[in-house]
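Bear in mind that the values here come from a model prediction, so they are computed numbers and not experimental data.
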Amino acid sequence: MQKKIYVVGMFDDESTAKVSAAVKTVAGVVSCAASAEKSQVLVDFDEGTAGIEDAINAAIAGTGVEVLG
């Protein structure tokens, strides 16, 4: 499943790299592309993994970036 997550607080290449790296460590994530310009994170993941969406949001929040919605 692919999901677009909108965020606030990702302003530069450094924060974008931190978010991408954090999300990629979540079990079940296949790929991740973060964009500071679009204020979004595009994540492809195995939706069969229990609690994965919460884990992805927590990984993003753990970098200091706020998840919207």
Side-chain angles (χ1 to χ4, degrees):
M1 176 178 185
Q2 198 170 60
K3 183 174 182 180
K4 200 178 290 184
I5 303 168
Y6 291 95
V7 297
V8 174
M10 190 171 61
F11 300 113
D12 55 20
D13 290 342
E14 183 179 341
S15 59
T16 301
K18 284 181 184 177
V19 169
S20 289
V23 172
K24 288 177 182 176
T25 65
V26 175
V29 170
V30 176
S31 66
C32 172
S35 171
E37 183 178 299
K38 295 180 181 179
S39 296
Q40 71 184 25
V41 182
L42 185 62
V43 185
D44 189 14
F45 60 93
D46 176 8
E47 61 187 301
T49 304
I52 191 164
E53 292 189 53
D54 289 337
I56 291 168
N57 289 341
I60 294 169
T63 65
V65 174
E66 181 183 351
V67 176
L68 299 176

Other residues, nucleotides, ligands: >12 heavy atoms within 6.0 Å of Asp13 CG: no
Hydrophobic cluster membership, Val8 vs Met10, 4.5 Å side-chain cutoff: no
Closest contact, heavy atoms only, Thr63 versus Lys18: CG2-O, 3.7 Å
With sequence neighbours excluded, residues passing side-chain hydrogen bond (donor to acceptor under 3.5 Å, both in side chains) with Ser20: none
CD1-CD1 distance between Ile56 and Ile5, expressed to the nearest 0.5 angstrom: 5.5 Å
Enumerate donor-acceptor pairs with a distance under 3.5 Å from any side-chain N or O in residues 29-49 to protein atoms, sequence neighbours excluded.
from  : atom 1 : to    : atom 2 : distance (Å)
Ser35 : OG     : Lys38 : N      : 3.1
Asp46 : OD1    : Gly48 : N      : 2.9
Thr49 : OG1    : Asp46 : O      : 3.3

Least distance between heavy atoms, Phe11 atom then Ser15 atom: N-OG, 3.2 Å
Derivation and outcome, side-chain contact (heavy atoms from CB on, under 4.5 Å), residues Ile60 and Val7: CA-CA 9 Å; Ile60 294 169; Val7 297; 4.0 Å; yes
